[in-house]
Amino acid sequence: MKGIESLKEIFKYGAFSLPVANYLLCEGNIPGDCKGILDVLKLAWKGNFKEAIRRADKAVENSRSETAKYFLLANKLAFLKYTGKTDVNLYRYLKRNLPKMSKSIRDTVIVTLINFEASGVKPLRKMRVWKNNYRKSTLSFLYLSLARREADSGDLSEAVHGYIQAYKLSREIPHPTCMVSSLNDLAWDIKEKHPKLAYDLSKGAVFWLGYYKEAPGNLFGTLDTLFVLEKSIGSPFIHSTAHIIVSISVPKNYLPLLKEAKKFVLDHTRSTYPNTSEVREYIKNVIQKRRPLSSKGISDILKGKTRTIRADTIRRLLTFSVDPSAPFPIWNEWIKMEIERKYKESSEKIKGFSLHQRQILFLSTYTALLDREFLSRKERLKKTYTLLEDIESFADFMAKDYQTMEFVVSMVKAHPFVEGRKEAVKRALARMKRKRLERFVLRYIEMKESDRKLLDRFLRNYGRYDGVRFGIRLKGPEVVREFAKKYSLKVQPLFAAFWCEEDGRVRRRLERVLKHMVLN
C-alpha cells in the first residue's frame with residue numbers, strides 16, 4: 001500500500017470508515033505514517049481528543065512525509081477546538097503553507113482552517129474558497145464550515161443555506177458525522193427564533209446519530225441539543241432523552257447535562273410521594289382553577305397534615321399538560337398517564353399488523369433498546385414473543401407495567417435515537433424470510449443476554465453498511481459467510497460489521513456467537 005493518498009476512502013467517510021481502519025491496522029500491510037494517522041483518527045472518533053492531540057504530536061515527530069505532517073497538524077487544530085483551546089500560530093502556519101501541500105490534502109486543510117475561523121477567531125483575511133473543485137465529502141464539510149462561520153458572524157440566512165447543502169451532500173455519500181452535525185448545528189442556531197422547527201431538526205439529527213453510531217462519541221452534543229429544546233418547549237419526551245443520557249457513557253464536559261437529566265428520569269414503581277412545600281404550592285395553584293378533590297382532602301394536604309400524597313390523588317389534579325419544571329411527583333405521574341394513553345393508541349395500531357410485521361417490530365425494538373432487563377430473561381422473552389400470535393393476549397400481558405407499555409409504544413414509534421437503531425437492524429431482519437426468521441429467533445432466545453447484545457450490535461452495523469462501497473474488499477472468518485448464507489444476508493456488509501469490533505477478543509467471541517447461530 002502506498003502513502004497517505006491510499007487512505008482516501010477513510011477521508012471520504014470519516015468516522016464511518018472505522019471497519020476499514022480496523023481491517024487495515026490488523027490485516028493490511030500499511031506504512032508507518034498511515035498507521036499513525038489511523039491511530040489518531042480512531043481516538044478522535046471516540047471523542048478522546050486530548051489523547052488524539054498527544055498522539056498526533058508524536059506522529060508528526062516520527063513522520064517522514066510532509067503530506068502526513070500537514071494532515072496531522074490540521075487535525076490537531078480541529079481537535080484543540082473540541083478541548084476548548086485555540087492555536088492561532090498553528091492556523092497561520094497551515095494557511096501560509098497551503099501552496100506547498102498536495103491537492104490530496106490541501107482541500108481537507110482548507111476546510112479545517114475555515115472551521116477554525118468559525119470558532120470566534122477573527123483573522124485579518126478569511127479563507128477564500130472555490131466550490132467547484134472539491135470531492136463531494138470535502139465539499140459537504142466545506143459547506144458546514146462556511147455555515148458555522150456565517151452563523152458566528154451573525155448572518156443566519158447564509159448559514160442556513162450552508163447547513164442544508166452540507167446535509168444534502170453528506171447524505172448522498174453517506175458521511176454520518178457531517179449529516180448529524182449539519183442538522184444539529186442548524187437546530188442550535190435557530191432555536192431562539194424557530195423552536196418548533198429546531199426541535200424537528202434536532203430529532204432528525206438524533207435519529208441519524210442512532211442509525212449510524214453505536215455510541216455518540218464526539219457527537220454527544222446532539223443529545224444535549226435535543227434535551228435543551230425539549231426542556232424549553234415543555235416536551236414530555238424529555239423523559240426518554242433523559243433516560244438515554246443516563247444509560248450511556250457521558251463525556252466529562254457533559255457531566256452537568258447528566259446531572260440535569262437524572263431529574264427527568266421516570267420512576268415506574270412510585271405510588272406515594274412526600275408532601276413537600278413545592279408540591280403544596282403547585283396544588284394550591286391548581287385548585288384555584290378547579291376543585292378535583294374534597295375540601296377536607298385539599299385542606300389536609302395544603303396544611304401539611306397529610307405527610308404523603310398518593311399517586312391517584314395527584315392524577316385527579318392532572319387534566320392538562322404539565323411543564324417539565326413541575327415538581328417531580330406531578331411530572332412523574334403525568335408521564336405515566338401519557339404512557340398509558342400512548343400504549344392504548346399503539347396497541348390498536350399493532351392489532352392491524354400481520355404476524356410477520358409484529359415479529360419484525362418486536363425484534364427490531366428489543367435489539368435497539370439500551371435498557372431491556374425487564375424483558376431479557378429467557379423464559380419471559382420467549383413468552384412475550386410467542387404471544388404475538390394472539391395479539392389480545394399480548395396486549396393484556398404488556399399492559400401489566402409501565403416498562404412493557406413503553407416497549408409497545410416504542411414498537412410503533414420510539415425515541416429518535418432508538419428509532420434510528422431500529423431502522424438499522426431492520427435492514428437485516430427484513431431480508432429473512434419467515435422460516436429463516438423463526439430459526440434465527442429460536443437460536444437468539446437460547447443465548448445469554450451478553451451474547452444477544454453482541455449479535456444485536458453486529459446486525460445493526462450490518463444495516464449501517466449495507467450499500468456502502470469502500471473501494472476495498474474486506475475479508476474475515478468463514479463463519480461470517482456461513483451466517484450470510486444461512487440468513488440471506490450480504491457478505492460485505494457483514495464483514496464490515498465484523499470489523500467494527502476493535503477488540504480481537506470481542507471478534508473471537510462474535511465468531512462463537514455466529515457459530516451457534518448457524519448450527520443445523
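Residue numbers start at 1 and run along the sequence shown.
Expressed to the nearest 0.5 Å, how far CZ of Phe417 lies from CG of Leu370 amounts to 6.0 Å.
Remark: aromatic rings of Phe407 and Phe362 are close, center separation under 6.0 Å. A centroid separation of less than 6.0 Å is found between the aromatic rings of Tyr487 and Phe483. Aromatic rings from Tyr465 and Phe470 are positioned such that their centres are separated by under 6.0 Å. Between Tyr212 and Phe16, a ring centre-to-centre spacing shorter than 6.0 Å is recorded.
Classification of Lys475 and Glu27 as a salt-bridged pair fails, no side-chain N sitting under 4.0 Å from a carboxylate O. For the pair Arg507 and Glu502, the salt-bridge criterion is not met [side-chain N within less than 4.0 Å of a carboxylate O]. With salt bridges taken as basic N to acidic carboxylate O contacts below 4.0 Å, none links Asp39 and Lys58. Contact check on Asp200 versus Lys203 returns a salt bridge, with a Lys/Arg side-chain nitrogen under 4.0 Å from an Asp/Glu carboxylate oxygen. By the 4.0 Å N-to-carboxylate-O rule, Glu51 lies close enough to Arg54 to be salt-bridged with it. Lys490 and Asp466 are joined by a salt bridge, as a carboxylate oxygen and a charged side-chain nitrogen come within less than 4.0 angstrom of each other. Look at Lys168 and Glu172 and you find no salt bridge, because none of the NZ, NE, NH1 or NH2 atoms lies under 4.0 Å from a carboxylate O. Residues Glu406 and Lys342 are not paired through a salt bridge, judged by the lack of any N-O separation under 4.0 Å between the basic side chain and the carboxylate.
Using cut-offs of 30° and 60° on the angle between ring planes, the pair Trp208 and Tyr211 is perpendicular. Relative ring orientation between Phe79 and Phe49 is described as tilted, the plane-to-plane angle lying within the 30° to 60° band.
Both tests hold for Lys191 against Trp188: distance to the six-membered ring centre under 6.0 Å, angle to the ring axis within 45°. For the pair Lys95 and Tyr93, the cation does not sit on the ring face, since its NZ or CZ is not both under 6.0 Å from the ring centre and inside 45° of the axis.
If you check the side chains of Lys42 and Asn48, you find no donor sitting under 3.5 Å from an acceptor. With no hydrogens or angles considered, a side-chain donor-acceptor pair links Arg452 and Tyr366 at under 3.5 Å.
At least one side-chain heavy atom of Tyr13 sits less than 4.5 Å from a side-chain heavy atom of Val468.
In this structure, the side chain of Asp155 does not engage the main chain of Ala151 through any donor-acceptor pair within 3.5 Å.
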